Number of protein chains: 2
Amino acid sequence: MEGLLKLFNFAAMEKVTINDIARLTGLSKGTVDRVLHNRGEVSKKSYEKVMACIREMGYEPNVYASLLAGKGKGSIAVVLPRPEEGSYWELASSGIGKAEESGRQVGVHTQLFTYDELSAESFREVCAKVLSSKPSGVVIAPMFQYETQVFVQELSSRNIPYVFVDTKLEEPAGHLAFFGIPAYKSGYLCADMLLQGEKAKEILVVRVMRDKERSSDPTIDRRAGFQDYIREHNPACTLRTIFVNPIDPVATDEALSAFFTDFPDVRHVVMFNSRIHLIVPYLERNPRTGMHIVGFDNLPANIAGLKKGIVTMLIAQHPEQQVQDAISTLIDYIVFHRKPARTENHMHMDLLTRYNVEDY
Amino acid sequence: MEGLLKLFNFAAMEKVTINDIARLTGLSKGTVDRVLHNRGEVSKKSYEKVMACIREMGYEPNVYASLLAGKGKGSIAVVLPRPEEGSYWELASSGIGKAEESGRQVGVHTQLFTYDELSAESFREVCAKVLSSKPSGVVIAPMFQYETQVFVQELSSRNIPYVFVDTKLEEPAGHLAFFGIPAYKSGYLCADMLLQGEKAKEILVVRVMRDKERSSDPTIDRRAGFQDYIREHNPACTLRTIFVNPIDPVATDEALSAFFTDFPDVRHVVMFNSRIHLIVPYLERNPRTGMHIVGFDNLPANIAGLKKGIVTMLIAQHPEQQVQDAISTLIDYIVFHRKPARTENHMHMDLLTRYNVEDY
DNA sequence: TGATATTCCGTTACCGTGCACGGAATTTTT
DNA sequence: AAAAATTCCGTGCACGGTAACGGAATATCA
């Protein structure tokens with residue numbers, strides 16, 4: 001048989017079909033199909049023969065024929081924090097749209113599930129909903145370590161593949177892939193971009209006050225990376241922190257005003273979350289020359305700040321790209337049975353200035 | 001009929017097939033297929049009826065069925081300058097690989113044609129070869145305005161779609177799309193990145209001497225953008241130019257050495273082509289502190305210079321992405337009959353530093 | 001008017017897989 | 001050993017579209 005197969009392999013060359021396998025093994029395509037999807041009702045002998053032949057001939061199923069013949073391929077659940085208007089998570093959600101398009105063609109549709117990013121309880125509820133929707137794949141932006149752990153265990157036991165975006169669990173889990181940026185490094189980069197090889201005496205770090213329950217927060221690592229850079233390259237520099245209230249612009253303005261009367265010489269400002277736009281209105285009304293202001297993420301409001309010339313640079317994580325890639329990866333896995341090239345995908349940290357932001 | 005169709009449209013909702021159209025028009029799917037690919041042999045009356053019905057029902061062909069039934073879809077020719085080792089065009093060529101993968105699945109294969117970027121004659125020869133290969137689509141990186149003009153006219157007359165990368169013709173042509181970065185703006189951006197809001201007294205502009213025949217050169221516009229930025233933001237600054245020989249490292253070192261003995265205070269260096277790596281060896285052996293060095297393109301050698309800390313920043317055009325997008329666009333058009341969203345695609349100018357270059 | 005072109009259109013056999021159905025081959029039961 | 005239960009496997013249709021083939025309807029010619 002060996003010889004015969006080799007011969008055939010050479011002759012057929014291009015594309016081996018299920019019929020070829022059937023003919024070569026002396027079985028029918030029905031049987032071949034059964035072993036391909038190993039759904040039983042095949043004798044051990046036949047099974048081995050078919051498997052050998054498949055390997056020998058390098059058979060690869062024709063995806064298009066399969067798609068044409070098959071029914072729907074199920075749905076993909078995307079689990080994200082509930083997006084507020086113009087927020088980071090709204091940007092992330094927007095990635096679903098494009099992925100949905102390509103998914104629809106292969107009979108996969110995408111469903112968004114959102115939870116309150118401050119409440120582990122709401123996350124648990126949403127997980128239950130997701131499970132009862134019987135998805136064939138799940139994309140998760142995890143905020144709560146423990147709850148997520150429980151959730152993915154359940155997914156594993158049901159053989160449902162899942163992909164993390166933005167953050168992943170600390171313990172190595174059975175995730176199909178992860179898409180995000182390295183938080184620590186992004187902070188390091190941020191410092192480099194802020195200082196540009198110069199020295200600064202003082203830097204203003206603006207933080208938002210939030211009593212959030214979430215247990216994994218990339219801004220913590222980001223701040224660590226930033227501080228390490230300063231320690232290494234500019235140890236004489238002082239970091240001065242103020243807190244602002246994201247839902248109270250007046251208080252924010254007052255806080256900034258107070259700061260700059262106390263420290264009028266500060267020229268460098270940084271924020272580690274996606275809300276650098278919060279400080280734009282104040283600086284627009286109270287312009288200061290020679291400012292270097294660096295923030296994160298390509299939110300519309302941030303980009304507006306960039307174009308106005310208030311914000312010097314944004315480091316973009318492109319969350320929309322992350323969820324898009326995550327969904328594509330799942331589709332590839334579910335429909336085409338292809339595993340992603342890499343499990344951990346550290347996405348490129350994009351640097352945005354007023355001069356390169358136009359072209360996306 | 002109007003009413004009936006509306007009704008059906010509502011009822012069918014999800015996916016309209018060619019059989020539905022046939023049934024609704026009282027014709028056979030053979031006829032419907034003929035109008036869909038307008039290959040004649042259909043009476044005007046039937047043609048109109050089918051077209052109306054298609055529009056009414058929002059019919060979209062099932063790509064997978066089509067792919068399954070159809071034969072090969074032909075080939076795409078990619079016309080680029082012959083890549084030297086580690087050059088810009090080698091990077092561009094590498095984009096073919098990934099596109100080839102997705103193309104193969106739909107029965108389209110990609111073929112690379114290269115010409116000598118210094119010889120219009122060789123370009124003409126290659127064009128002839130391309131035509132005789134009867135491609136169903138062409139990607140062109142044009143160097144010679146006139147010859148390209150002639151070539152695309154020929155393509156047009158044969159109804160072969162073509163896409164430009166890197167540069168396009170000055171006169172609006174019938175190209176399906178263009179992928180590249182805005183040259184002038186990239187120079188402007190480059191100046192902004194080099195100075196970072198500071199002032200400089202002098203800037204070294206390094207150029208290569210090449211007596212090339214090519215008639216469209218993006219580095220010219222790039223230099224213009226750079227100069228305009230300087231004029232606007234830093235008019236007191238002097239640009240000092242030296243020329244280096246790309247194939248003679250020793251002479252390059254001497255030129256740099258001579259320059260820095262004459263002007264030891266210069267801290268800013270820029271090159272407008274993709275060869276910033278040429279000056280890396282000298283600066284590695286003769287380190288100077290506080291240097292700001294900006295160049296273009298993510299060539300391996302340039303990235304190495306970045307990682308060593310010699311080059312401060314690279315502005316990447318990602319030519320590999322450009323040709324990949326170009327090929328995808330052609331495939332979309334040839335196979336799926338979809339036109340690209342935009343004809344002119346100004347790609348994002350990516351800013352690379354030593355801290356964000358790791359993750360591609 | 002009958003013969004011959006020409007235009008137009010329906011039929012049909014694929015493309016490669018998925019899957020239901022029923023039947024043959026084999027084993028277990030009585 | 002015949003009947004019943006299993007195990008195993010082949011057949012055939014469906015999926016939506018392509019395109020060759022040949023025939024019906026109409027137009028053109030003698």
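Only a predicted model underlies this, so the values are computations on that prediction, with no experimental measurement involved. By convention in this document, chain letters (A, B, ...) are assigned in the order of the sequence lines, proteins followed by strands, and residues within each chain are numbered from 1.
Distances shorter than 4.0 Å separate some side-chain N or O of S28(B) from OP1 or OP2 on dG10(C). Contact annotation: T31(A) side-chain N/O to dG10(D) OP1/OP2 distance is under 4.0 Å. Contact annotation: Y59(B) side-chain N/O to dG17(D) OP1/OP2 distance is under 4.0 Å.
Within residues 34-48 of chain B, the residues having any heavy atom under 4.0 Å from DNA chain D are, by residue number, H37(B), R39(B).
Between atom CD of residue Q322(B) and atom NE2 of residue H318(B) there is a gap of 10.0 Å, rounded to the nearest 0.5 Å. Put simply, CG on D166(A) and CG on L80(A) are 9.0 Å apart, with the number rounded to the nearest 0.5 Å. Taken from CD in Q324(B) to OG1 in T329(B), the straight-line distance is 10.5 Å, to the nearest 0.5 Å. N19(B) CG to S28(B) OG: the interatomic distance, rounded to the nearest 0.5 Å, is 10.0 Å.
Closest non-hydrogen pair, I18(A) versus K29(A), comes out as CD1-O, 4.0 Å.
Listed by first then second residue, pairs satisfying salt bridge (Lys or Arg N to Asp or Glu O under 4.0 Å) with a partner in residues 148-160 of chain A read E154(A)-R158(A), not counting sequence neighbours. Applying the salt bridge (Lys or Arg N to Asp or Glu O under 4.0 Å) test to pairs two or more places apart or on separate chains, those with a residue in residues 320-332 of chain A are D332(A)-R338(A).
E344(B) and H175(B) share a donor-acceptor pair across their side chains, judged by distance under 3.5 Å alone.
With sequence neighbours left out, the side chain to side chain donor-acceptor pair (under 3.5 Å) criterion links D33(A) to H37(A), R39(A).
Residue contacts shown for N62(A) are limited to sugar-phosphate atoms, with no base heavy atom under 4.0 Å away.
Between the CZ atom of R23(B) and the P atom of dC9(C) there is a distance of 19 Å, given to the nearest Å.
With a 6.0 Å radius and a threshold of 12 heavy atoms from other residues, nucleotides or ligands, Y59(A) has its OH atom above the threshold.
Closest to the side chain of L68(A), out of dG10(D), dC15(D), dT17(C), is dC15(D). With dG10(C), dT18(D), dG10(D) as the candidates, the nucleotide lying closest to the side chain of L27(A) is dG10(D).
Taking the C1' atoms of five terminal pairs at each end of the helix from dT1(C)-dA30(D) to dT30(C)-dA1(D), the two resulting helix axes are inclined by 60°, rounded to 10°.
Residue K29(A) places a side-chain atom within donor-acceptor reach of the base of dG18(C), judged by atom type and a 3.5 Å distance cut-off alone.
With hydrogens and angles disregarded, a donor-acceptor distance shorter than 3.5 Å links the side chain of N62(B) to the backbone of Y64(B).
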Using nucleotides 4-6 of chain C, report all nitrogen or oxygen pairs with the protein that are shorter than 3.5 Å.
none

